[in-house]
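What follows is one structure encoded as structure tokens, with my remarks underneath.
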Amino acid sequence: MSLFGLLLVLHILASIAIMGPAFVLPIIRRSARTVSQLRFVFGITTKLAIIPKIGGTVLILTGVWLMIITKMGLSQMWLNVSILLSLLMIVLIDGMIEPRMKKIIKMISESQDQGNELPAEFGLLFKKIVPIETVAQLLMIVILVLMVVKPF
């Protein structure tokens, strides 16, 4: 396999490492019906949080390396739009979703002795996160389409 092929495979695997958890984890989180289930879900998501971070680093490194090898640089509009949308997605996830999730995790850890039923306030907090997660997921779909189709 050539260097280009190896970098491309790593680039694709890194994008899966980023996008996979972003699609699956919100669905798993929304399925929790009790405090103990939510604690379990947050325990898993906290442990899996390293995967998108590693994937993001590999994605950036391989992407830059691929741009250098192909001498493409930032001359393609689809690439510029993809980079811009990726940055927007990072801002949504790291700047808006994660702080809200940390607040929920803190509330969960403080509610150790309040029974197993989810309090209504958790539902309200999740309802504030769902639209932001949906926008982030839609951005990922658009980025994937741009990478596959390269329309302009």
Seminar exercise, completed: So NZ of Lys71 and CG of Leu66: to nearest 0.5 Å the spacing works out to 13.0 Å
Seminar exercise, completed: Rounded to the nearest 0.5 Å, the CE atom of Met101 sits from the CG atom of Leu125 at a distance of 9.5 Å
For this session: Could you tell me which residues satisfy side chain to side chain contact (heavy atoms under 4.5 Å, CB included) with Arg33, sequence neighbours excluded, listed by chain and number?
Result: Gln37
For this session: Report the distance from atom CD1 of Ile16 to atom CG of Leu144, rounding to the nearest 0.5 Å.
Result: 9.0 Å
For residues 18-31, please give each side-chain donor-acceptor pair under 3.5 Å, one per line with the distance, not counting sequence neighbours.
from, atom 1, to, atom 2, distance (Å)
Arg29, NH2, Glu133, OE2, 2.0
Arg30, NH2, Glu133, OE1, 2.9
Ser31, OG, Ile28, O, 2.6

Exercise. Any side-chain heavy-atom pair from Phe40 and Thr45 closer than 4.5 angstrom?
Worked result: no
Exercise. Among the clusters formed by ILVMFWY side chains lying less than 4.5 Å apart, do Met147 and Val58 turn up in the same one?
Worked result: no
Exercise. Which value, rounded to the nearest 0.5 Å, describes the distance between Ile143 atom CD1 and Ser15 atom OG?
Worked result: 10.0 Å
Problem set entry | Ile44 with Ile105, same ILVMFWY side-chain cluster at under 4.5 Å | no
Under 3.5 Å, side-chain donor or acceptor atoms of residues 84-95 against the rest of the protein: list the pairs with distances, not counting sequence neighbours.
from, atom 1, to, atom 2, distance (Å)
Ser86, OG, Ser82, O, 2.8

Exercise. Out of curiosity, does Val142 fall in the hydrophobic cluster containing Val135 (side-chain heavy atoms, cut-off under 4.5 Å, transitive links)?
Worked result: yes
For this session: Could you grab the distance from atom CD1 of Ile129 to atom CZ of Arg100, nearest 0.5 Å is fine?
Result: 7.0 Å
Exercise. Looking at residues at least two apart in the chain, or sitting in another chain, which of them share a side chain to side chain contact (heavy atoms under 4.5 Å, CB included) with Met67?
Worked result: Leu74, Leu79
Contacts table for residues 1-12: side-chain donor-acceptor under 3.5 angstrom, sequence neighbours left out:
from, atom 1, to, atom 2, distance (Å)
Ser2, OG, Gly5, N, 3.1
His11, ND1, Leu59, O, 3.3
His11, ND1, Thr62, OG1, 2.8
His11, ND1, Gly63, N, 3.4

For this session: Take Phe126 and Leu38 through the test side chain to side chain contact (heavy atoms under 4.5 Å, CB included) and record every step on the way to the result.
Result: CA-CA 12 Å; Phe126 277 125; Leu38 201 53; 3.8 Å; yes
Exercise. Is Phe122 close to Ile108 at the side-chain level, that is, under 4.5 Å between some pair of heavy atoms?
Worked result: yes
Exercise. If Ile, Leu, Val, Met, Phe, Trp and Tyr residues are connected whenever their side-chain heavy atoms lie under 4.5 Å apart, and connections chain through other members, are Ile51 and Val41 in the same group?
Worked result: yes
For this session: State which residues pass side chain to side chain donor-acceptor pair (under 3.5 Å) with Thr34; sequence neighbours excluded, sorted by chain then number.
Result: Ser36
Exercise. Is it true that Lys127 and Glu121 have a side-chain N and a carboxylate O under 4.0 angstrom from each other?
Worked result: no
Exercise. Applying the 4.5 Å side-chain criterion to the ILVMFWY set and letting contacts propagate, would Leu61 and Met72 be lumped into a single cluster?
Worked result: no
